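Every value quoted in this text rests on a predicted model; they were computed, and no experiment measured them.
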Amino acid sequence: MISVKGLTKKYGKLIANDNISLELKAGELGVLLGPNGAGKSTLIKSICGLLRFDGSITVDGHDNRSLEAKAVLGYAPEIAVPYPMLTVAEHMEFIARAYRMEDNWKDRADELMTQFDLDDKRNKLGKELSKGMKQKVSLCCAMLPDPKVIILDEPLSGLDPHGIRQLQRAIEEMREAGKSVLVSTHMIDTVESSWDVTFIMKKGQMVRECRRAEQAETLEDIYFSLFEEGELSTDA
């Protein structure tokens, strides 16, 4: 579903992503790990077609910058920034229109808002929402079109324990439905029981790819075996 080959992204002399390749198949939960500044968000933005880069990326077999790829891709950014003067319900309508969804999108929007405890917030403006509520709106917008591929960049940021559990359940449902889910997170324990493949980055490079079926160690042990304590506090 996601294929990245030889991805290199530079900001002037800084190499944010250095010749990165990865594959994420249908029905897999991929986890992207690495300290701050490792290049995770740059990789995600490149996959989503938000940055120029060298190399090739395909989503569901289509060039990631094509309309065909964008039509099957859902994305929730690291920092949720809803439109301040749109209500929660209007955000759902905006996404539905952007993806040219049929009339039944309202039922799916209602289900998502109920699932993430936004039902009583549907008429609240974006500027009136708490950080956690903004994050939930962003997640609902990403999932509304029922995409084949969904990318979540630090999706647990701002969520309370109940919200984290809601998202874990949603991710598992998408995975069971055969969708590809790529999650960047620092909260390793939240994906420990469900990951299929993990990509670990360091200083712009992919330093290890792990498949769950081939590992006896926990994901946390694998991660900390690659980093000294001091390396985990590197600024972005």
Side-chain angles (χ1 to χ4, degrees), residues 1-25 28-67 69-70 72-81 131 134-135 138-139 141-142 147 149-158 180-188 190-191 195-211 219-220 222-236:
M1 283 290 198
I2 298 177
S3 176
V4 178
K5 296 181 179 179
L7 168 64
T8 296
K9 172 61 183 176
K10 298 180 181 179
Y11 296 102
K13 295 181 179 180
L14 174 66
I15 302 177
N17 287 163
D18 186 5
N19 193 30
I20 290 176
S21 297
L22 64 83
E23 297 281 341
L24 185 65
K25 303 173 184 177
E28 287 189 330
L29 170 57
V31 178
L32 187 60
L33 297 178
N36 293 335
K40 303 186 300 298
S41 289
T42 295
L43 171 59
I44 284 175
K45 290 175 183 177
S46 295
I47 294 173
C48 293
L50 301 177
L51 298 175
R52 295 180 178 179
F53 56 85
D54 294 319
S56 67
I57 301 175
T58 59
V59 176
D60 194 30
H62 304 285
D63 183 278
N64 72 312
R65 289 161 291 198
S66 67
L67 290 177
K70 294 181 185 298
V72 298
L73 176 65
Y75 168 54
E78 180 178 5
I79 300 175
V81 186
K131 181 179 180 181
K134 289 178 180 178
Q135 189 70 4
S138 179
L139 292 168
C141 287
V149 178
I150 187 161
I151 298 178
L152 309 175
D153 192 359
E154 296 292 345
L156 305 173
S157 176
S180 299
V181 185
L182 181 62
V183 178
S184 173
T185 183
H186 286 112
M187 301 175 66
I188 299 176
T190 62
V191 294
W195 66 282
D196 295 297
V197 57
T198 293
F199 309 101
I200 303 178
M201 295 185 65
K202 177 181 179 181
K203 297 181 180 178
Q205 297 182 327
M206 193 69 68
V207 294
R208 186 164 176 183
E209 177 179 328
C210 312
R211 291 207 165 263
L219 189 54
E220 187 173 90
I222 294 170
Y223 181 75
F224 283 103
S225 70
L226 294 173
F227 297 95
E228 299 293 337
E229 184 176 350
E231 294 181 274
L232 302 180
S233 59
T234 305
D235 291 334

Paired with K202, the side chain to side chain contact (heavy atoms under 4.5 Å, CB included) test is passed by just one of V207, L226, L33, namely V207

Quick check against the 3.5 Å criterion: does N64 have a side-chain atom that pairs as donor or acceptor with the backbone of S46?
yes

Has L67 got more than 12 heavy atoms of other residues, nucleotides or ligands less than 6.0 Å from its CG?
no

Distance-minimising heavy-atom pair for R211 and E23:
NH2-O, 3.7 Å

Quick check: closest heavy atoms across L73 and C48, and the distance to 0.1 Å?
CD2-CA, 3.9 Å

Counting neighbours of NZ on K9 that are heavy atoms of other residues, nucleotides or ligands and sit closer than 6.0 Å, is the number greater than 12?
yes

d(I2 CD1, S180 OG) to nearest 0.5 Å is 6.0 Å

Using every non-hydrogen atom in the two residues, find where G6 and N19 come nearest and quote the distance to one decimal.
CA-OD1, 3.2 Å

Got a second to check how far I200's CD1 is from C210's SG, nearest 0.5 Å?
4.5 Å

Check whether the side chains of N17 and T8 place a donor and an acceptor atom closer than 3.5 Å, and report yes or no.
no

Only one of T58, I57, I47 passes side chain to side chain contact (heavy atoms under 4.5 Å, CB included) with S3; say which it is.
T58

So with a 6.0 Å cut-off around NZ of K70, is the heavy-atom count from everything else above 12?
yes

Least distance between heavy atoms, Y223 atom then P35 atom:
OH-N, 3.3 Å

To the nearest 0.5 Å, what is the distance between OH (Y75) and CG (L152)?
10.0 Å

Distance in Å, I20 CD1 paired with L22 CG, rounded so as to fall on 0.5 Å steps:
7.5 Å

How long is the gap from CZ on F224 to CD1 on I188, to the nearest 0.5 Å?
5.0 Å

Please check: side-chain N/O of S225 versus main-chain N/O of I222, any donor-acceptor pairing under 3.5 Å?
yes

Validate the cation-pi geometry between R65 and F53: distance from NZ or CZ to the six-membered ring centre under 6.0 Å, angle to the ring axis within 45°.
yes

Enclosure of I79 CD1 (heavy-atom neighbours >12, cutoff 6.0 Å)
no

Return the minimal non-hydrogen interatomic distance between L139 and P155, and the atom names on each side.
CD2-CB, 4.0 Å

If you compare all heavy atoms of Q135 against all heavy atoms of A80, which two are closest, and at what distance to 0.1 Å?
OE1-CB, 3.5 Å

Does E78 pair with K40 as a salt bridge, N-O distance under 4.0 Å?
no

Distance from I15 atom CD1 to Q205 atom CD, nearest 0.5 Å?
8.5 Å

